Amino acid sequence: MPKNIANIENELTQLAYEYIKNQAKSTFFLLLSDCTERKSAAPDDIPLSEFPNKVSDIESKISRFTLDLEKILENETGEKEKAFWECTQMKKELIEIYGHISRYISLLSLYASPVADELELRRYRAENVGEKHVEFNMFYEDILAFLNSAEDENKKHSYMSQIFKCAPLKMAHIKYESLLEASLKEAFKNQSKEAVLNSLLVFKRTCAPDSFDDFGEYFPSVKDSLEKNKLIFPEEMSEKELAEKYDAFLNNFEYLSKASDVLSRLFNCLNSLIILFYLNFKIEDLTEKNVLYSDLYYSVCEILGEQKEGLDKDVLIETITPLFDNYIEPLIDKASEITKKESSFLDDSIDIPELSEDAKKLMFTENFIRDCFYENIEDAMYAFDYDTTAPAAEESFKDEEFKNFISYMSEYFSPLPAKLRKNAMRNLLSALPPAMSENELILYIKNAVDSAPSFESKVMILDKVGYVFENNGFELSDEEDGCTCGHHEHDHDCTCGHDH
């Protein structure tokens, strides 16, 4: 190995080891913080009794592993490896349950959309939006400027999909299927068979969530609520009925959000345990023999353990909770600094293949720790471990799979009420890179605006596009008076959806 590469490798391995040790300490404190947070649940949090039994079992296991952490990390007889794989399996179980919640949310969003739209239309009418002046030509120019602001093609595809979703679906069925097939082909260029099959399954679970036999296996009250709200007609409801229906949807969203938070906390605890069981640090390494750090660990053990006479766990939780940020934030900042230093070496000086095997193993460990540390349950649900050397799927294979997929989705869409069916079809198409040019997309939006049944319906499309702009941090400049809405002649009582 040339001298300069050897020197660089020494620097990299030192940085990698420093990063690993730093993140091990961060992980340790995050585990303690998450365990404390779990035990300080607010009164309105969802009790574990409303989750599948396996969630309660996982929570108990996490507490037991945390209580026994000192002993397990000292053990040299394979107990640590066994605990590592047990936590890995529990992660998979949490992801599977989280997937059910995600499917509920997808269906809830679909069913709630006509109610939300009707509420918005009635608000527009109450505010006499029809009397406002809207500069539609400027609106289309704004869309083009937004699309052109994308930093790369992937981002532009994302922007186009978001804009497409702002308008009601209006196209012939044969045109829709043709566009869907073209979008699928665009999305799966050069993808392997495994990637194609897994992705199509994800689309089915997201866009046809109740078409699977296991739908409703968990949280049956949410399933019952969804079934009651499938066949509703918001335009026929009174103001009170509409408001009550919308509140019912919001309550379900809130319930599912809280359920997601519970699973997310448990997932984070498991990832912390996995990191600690993967590495070779003992408790004294993690606490650096600092009495304050050690006391923090033993305090959390008291919170997780059986109730002792004279111990007020609530007071203890309140006492130690503020300490975690003081310990964790400097460690996370240090990890960022180390990563920047490593990047400067790898970008400018050396490729990974040039490193020795020992250095590669160390950097593999570092990457594993980084992935676990920053992983969240939402991303994990869509993470697939593909063979990167697998060849691209043959066109004939993809054509057949796309045909089957389109047939499956068409069969799912067919019995839905008209509004839900169109919204569901639009949601599927907007989940893919649209097989159309920027000008074709703008013409599609223009046609939707022109054919809207009322002025309020036109404004609702503008409002939704304005929200997309805002959500992506896109601001329009206006040279006349600094107004950023760009959709009208500077009437600041407008309904473009932007704050003035």
Side-chain angles (χ1 to χ4, degrees), residues 106 109-110 113-114 117 139-140 143-144 146-148 150 152-191 195-209 211 392-453 457-458 460-461 464-465 468 472:
S106 293
S109 298
L110 175 65
S113 58
D117 286 350
F139 166 65
Y140 304 127
I143 295 177
L144 185 58
F146 171 64
L147 298 178
N148 288 334
D152 55 44
E153 282 302 306
N154 287 335
K155 181 63 74 174
K156 179 172 282 190
H157 284 156
S158 173
Y159 285 175
M160 291 177 72
S161 295
Q162 292 175 60
I163 295 294
F164 181 85
K165 196 173 181 180
C166 294
L169 183 71
K170 291 188 177 180
M171 63 177 68
H173 189 74
I174 190 168
K175 167 72 173 175
Y176 172 83
E177 290 197 348
S178 175
L179 188 58
L180 177 58
E181 183 179 10
S183 296
L184 287 166
K185 289 181 177 180
E186 178 67 27
F188 296 111
K189 281 181 179 177
N190 303 318
Q191 296 293 310
V196 170
L197 293 174
N198 282 336
S199 298
L200 292 179
L201 180 59
V202 168
F203 282 125
K204 286 179 183 178
R205 290 188 177 276
T206 304
C207 299
S211 65
E394 296 176 355
E395 291 302 315
S396 58
F397 170 84
K398 290 194 290 187
D399 288 345
E400 183 66 23
E401 290 302 323
F402 295 161
K403 178 182 175 183
N404 293 338
F405 174 76
I406 292 171
S407 175
Y408 181 97
M409 294 306 302
S410 294
E411 187 175 336
Y412 173 77
F413 294 144
S414 181
L416 293 176
K419 277 193 176 180
L420 289 184
R421 181 171 66 252
K422 289 182 178 180
N423 286 355
M425 293 168 69
R426 179 194 61 194
N427 291 349
L428 172 59
L429 204 51
S430 65
L432 293 159
M436 58 175 68
S437 67
E438 292 96 319
N439 288 334
E440 286 172 331
L441 175 61
I442 291 171
L443 181 60
Y444 174 81
I445 298 295
K446 186 178 186 304
N447 288 338
V449 171
D450 291 345
S451 62
S457 298
K458 299 176 191 289
M460 185 159 64
I461 297 173
K464 290 182 177 181
V465 171
V468 170
N472 287 281

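For the numbers below, each heavy atom of this structure counts, side chains included, while hydrogens, waters and symmetry mates do not. If you're wondering where the values come from, they're calculated on a predicted model, not measured in any experiment. We number each residue from 1, following the sequence as shown.
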>> If you apply the rule side-chain contact (heavy atoms from CB on, under 4.5 Å), what do you find for Y159 with K155, and how did you get there?
In response: CA-CA 6 Å; Y159 285 175; K155 181 63 74 174; 3.5 Å; yes
> Are N423 and L169 close enough, and set up right, to give a side-chain contact (heavy atoms from CB on, under 4.5 Å), and what steps lead you there?
Replying inline: CA-CA 7 Å; N423 286 355; L169 183 71; over 6 Å; no
> So L443 and N439, side-chain contact (heavy atoms from CB on, under 4.5 Å) or not? Walk me through it.
Replying inline: CA-CA 6 Å; L443 181 60; N439 288 334; over 6 Å; no
>> side-chain contact (heavy atoms from CB on, under 4.5 Å), that's the test. Do I442 and F139 meet it? Break it down for me.
In response: CA-CA 10 Å; I442 291 171; F139 166 65; over 6 Å; no
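The minimum heavy-atom distance between S211 and Y412, with the atom names listed, is CB-CD1, 3.9 Å. Closest heavy-atom contact between L200 and F402: CD1-CD2, 4.3 Å. Of all heavy-atom pairs between I445 and I163, the closest is CD1-O, 3.6 Å. Contact between M171 and K175 at its shortest, heavy atoms only, is SD-CG, 3.8 Å. In plain terms, the two heavy atoms of S161 and P434 that are nearest each other are OG-CD, 3.3 Å. For K458 against V449, the heavy-atom pair with the smallest separation is NZ-O, 2.7 Å.
For the atom pair M436 CE and M160 CE, the distance stands at 6.5 Å (nearest 0.5 Å). Atom CG in L184 sits 11.0 Å away from atom CD in E401 (nearest 0.5 Å). If you take CG on N472 and OG on S158, they are separated by 6.5 Å, rounding to the nearest 0.5 Å. Summarising the geometry, atom CZ belonging to R426 is positioned 13.5 Å from atom CZ belonging to R421; distances are rounded to the nearest 0.5 Å.
In this structure, F405 and V196 have side chains that are not in contact, with every pair of non-hydrogen atoms separated by 4.5 Å or more. Proximity of Q162 to V465: side-chain heavy atoms (C-beta onward) are nowhere separated by under 4.5 Å. Contact check for F413 versus L428: side-chain heavy atoms found under the 4.5 Å cut-off. No side-chain heavy atom of L197 sits less than 4.5 Å from a side-chain heavy atom of L201. Between L432 and E186, every side-chain heavy-atom pair lies at or beyond the 4.5 Å cut-off. Looking only at side-chain heavy atoms (C-beta outward), K185 and D399 come within less than 4.5 Å of each other.
Note on E400 versus K403: no salt bridge recorded, every NZ/NE/NH1/NH2 to OD/OE distance being 4.0 Å or above. The existence of a salt bridge linking K464 and D117 is confirmed by a sub-4.0 Å separation between a basic side-chain nitrogen and an acidic carboxylate oxygen.
Using a distance-only test at 3.5 Å, with no hydrogens or angles considered, no donor-acceptor pair links the side chain of K170 to the main chain of N447. Panel note: side chain S430, backbone N427; a donor-acceptor pair is recorded below 3.5 Å. Checking side-chain atoms of S414 against main-chain N and O of S410 turns up no donor-acceptor pair under 3.5 Å. For S178 (side chain) and I174 (main-chain N/O), no donor-acceptor pair under 3.5 Å exists by modelled atom type.
For K204, the NZ atom counts as densely surrounded, since its 6.0 Å shell holds more than 12 non-hydrogen atoms of other residues, nucleotides or ligands. Crowding of E411 atom CD: a count of heavy atoms from other residues, nucleotides or ligands under 6.0 Å not exceeding 12.
Between the side chains of Q191 and S199, no donor-acceptor pair is found at a separation under 3.5 Å.
Cation-pi contact between K398 and F188: absent, since separation from the ring centre below 6.0 Å together with deviation from the ring axis within 45° is not met.
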